[in-house]
There are 2 protein chains.
Amino acid sequence: MTDPLAPDMFEELCPSGLTPFRLSEHKWSALVLRCLKDGPRRFSELRIPLHRVTPRVLTRTLRSLERDGLISRSAGPGPTRVTYALTGLGRSILVPLAAVCDWTAAHFEDLIDARERYEGAPAVQARSVG
Amino acid sequence: MTDPLAPDMFEELCPSGLTPFRLSEHKWSALVLRCLKDGPRRFSELRIPLHRVTPRVLTRTLRSLERDGLISRSAGPGPTRVTYALTGLGRSILVPLAAVCDWTAAHFEDLIDARERYEGAPAVQARSVG
DNA sequence: CGGCATCCGAAGCGATACTG
DNA sequence: CAGTATCGCTTCGGATGCCG
């Protein structure tokens with residue numbers, strides 16, 4: 001029907017052994033990045049839009065983003081002066097991220113409809129048309 | 001420093017209670033979608049670029065994509081005639097997906113460098129600059 | 001305020017083995 | 001060929017509690 005799959009199909013998405021593409025391992029990473037688009041934010045401030053996510057989860061998400069160079073952590077004097085901000089790299093990912101978000105918004109109804117249709121569909125074993 | 005975070009920041013990425021944005025729950029979803037861009041593929045054919053992923057994992061990935069209306073499953077007569085193909089919805093997501101893939105390719109070195117720098121950096125407790 | 005320690009349950013990945 | 005069944009392992013997410 002079509003040409004065989006190219007052997008480099010894997011490298012295309014997972015260059016040099018990077019984890020296969022998922023945008024992120026962490027549930028909240030994309031949202032955190034978007035929350036930082038207007039400037040630095042504090043730890044407790046970031047918890048709000050994340051539905052009061054527990055500190056443990058937010059900490060691990062932030063460490064992961066920091067490890068990949070997408071955000072930076074700044075701790076000033078005093079206990080209330082820790083802020084997180086986008087790096088240049090982190091800012092650059094907002095563009096493709098927005099493309100995916102726009103897609104989700106545009107096709108949201110389609111996704112919901114597909115799920116509802118799938119729930120009411122016959123099971124896998126009975127789906128053969130042969 | 002900046003305006004308070006908008007309360008609808010969550011809805012922006014996770015409309016109506018959808019799982020917080022991760023592009024997919026499944027590790028291989030994005031790669032499967034791209035493997036189907038040139039036409040329908042068979043089950044065993046899809047396993048190749050996924051590093052010989054086990055059938056169980058591939059099955060769940062395909063069911064998930066089918067549930068969301070991104071791919072369709074066709075079973076013809078005979079045991080070797082099951083194919084998977086992109087739906088119109090699935091084809092439409094290739095565009096924003098490509099944007100993210102291009103970003104990864106363009107900033108791959110930055111990501112690797114950041115991780116290496118992070119590994120050699122002092123631990124969290126010692127990173128205060130105050 | 002900005003975390004960390006501990007515990008728990010759920011989910012995903014992967015290997016092995018088996019089936020129509 | 002295209003899956004399913006079972007298992008073990010790891011990771012994530014969330015709750016609770018404590019600390020400087």
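All values below come from the heavy atoms of this structure, side chains included, with hydrogens, waters and symmetry mates left out. The sequence lines fix the lettering, A, B, ..., with proteins before strands; numbering per chain opens at 1.
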Inset, instruction - From the options dC1(D), dG14(C), dG12(C), select the nucleotide whose nearest atom is closest to the side chain of Ser44(B). - result: dC1(D)
Legend entry - dT11(D) phosphate, OP1 or OP2, under 4.0 Å from His26(A) side-chain N/O: no
Legend entry - Presence of Arg47(B) side-chain N/O under 4.0 Å of dG14(C) phosphate oxygens OP1/OP2: no
Inset, instruction - Would you indicate which nucleotide in dA2(D), dG3(C), dG13(D) comes nearest to any side-chain atom of Arg63(A)? - result: dG3(C)
Inset, instruction - Give Thr54(B) one of three labels, base, sugar-phosphate or nothing, depending on what nucleic acid heavy atoms sit under 4.0 Å from its own. - result: base
Inset, instruction - Give the rounded distance in Å between these two atoms: CD of Glu25(B) and P of dT11(D). - result: 18 Å
Inset, instruction - Take atom CG of Leu50(A) and atom P of dG13(D), then tell me their distance rounded to the nearest Å. - result: 10 Å
Legend entry - Backbone of Leu70(A) reached by a side-chain donor or acceptor of Thr87(A) within 3.5 Å: yes
Inset, instruction - Check the distance between dA15(D)'s C1' and His51(A)'s NE2 and give it to me in whole angstrom. - result: 18 Å
Inset, instruction - Give a yes or no on whether a donor-acceptor pair under 3.5 Å exists between the nucleobase atoms of dG2(C), that is its base, and the side chain of Arg42(A). - result: no
Inset, instruction - Is it possible for you to say whether Val57(A) and Leu50(A) belong to one hydrophobic cluster, with membership spreading through side-chain heavy-atom contacts below 4.5 Å? - result: yes
Legend entry - Any Tyr84(B) side-chain N or O less than 4.0 Å from OP1/OP2 of dG3(D): yes
Inset, instruction - Please answer whether the main-chain N or O of Arg42(B) pairs with a side-chain N or O of Glu45(B) as donor and acceptor at a distance below 3.5 Å. - result: yes
Inset, instruction - Report the distance from atom CZ of Arg22(A) to atom P of dA11(C), rounded to the nearest whole Å. - result: 15 Å
Legend entry - Side-chain N or O of Arg73(B) closer than 4.0 Å to phosphate OP1/OP2 of dG3(D): yes
Inset, instruction - Hey, could you give me each pair passing salt bridge (charged side-chain N to carboxylate O under 4.0 Å, His left out) that has a residue in residues 17-28 of chain B? Not counting sequence neighbours. - result: Arg22(B)-Glu25(B)
Inset, instruction - Please state how far atom CZ in Phe43(A) lies from atom P in dC4(C), giving the value in whole angstrom units. - result: 8 Å
Inset, instruction - Check the distance between dC13(C)'s P and Leu62(B)'s CG and give it to me in whole angstrom. - result: 12 Å
Legend entry - Earlier contact from the 5' end, DNA chain C, for Arg56(A) and Lys27(B): Arg56(A)
Inset, instruction - Check whether any side-chain N or O of Arg81(A) sits under 4.0 Å from OP1 or OP2 of dC1(C), and answer yes or no. - result: no
Inset, instruction - Side chain of Val57(B) only, please: which of dA2(D), dG14(C), dG12(C) is the nearest? - result: dG14(C)
Inset, instruction - Take atom CG of Leu65(B) and atom P of dG12(C), then tell me their distance rounded to the nearest Å. - result: 13 Å
Legend entry - Length of the CG-P vector between Leu58(A) and dG3(C), whole Å: 8 Å
Legend entry - Check: Ser64(B) side chain, Arg60(B) main-chain N or O, donor-acceptor pair, under 3.5 Å: no
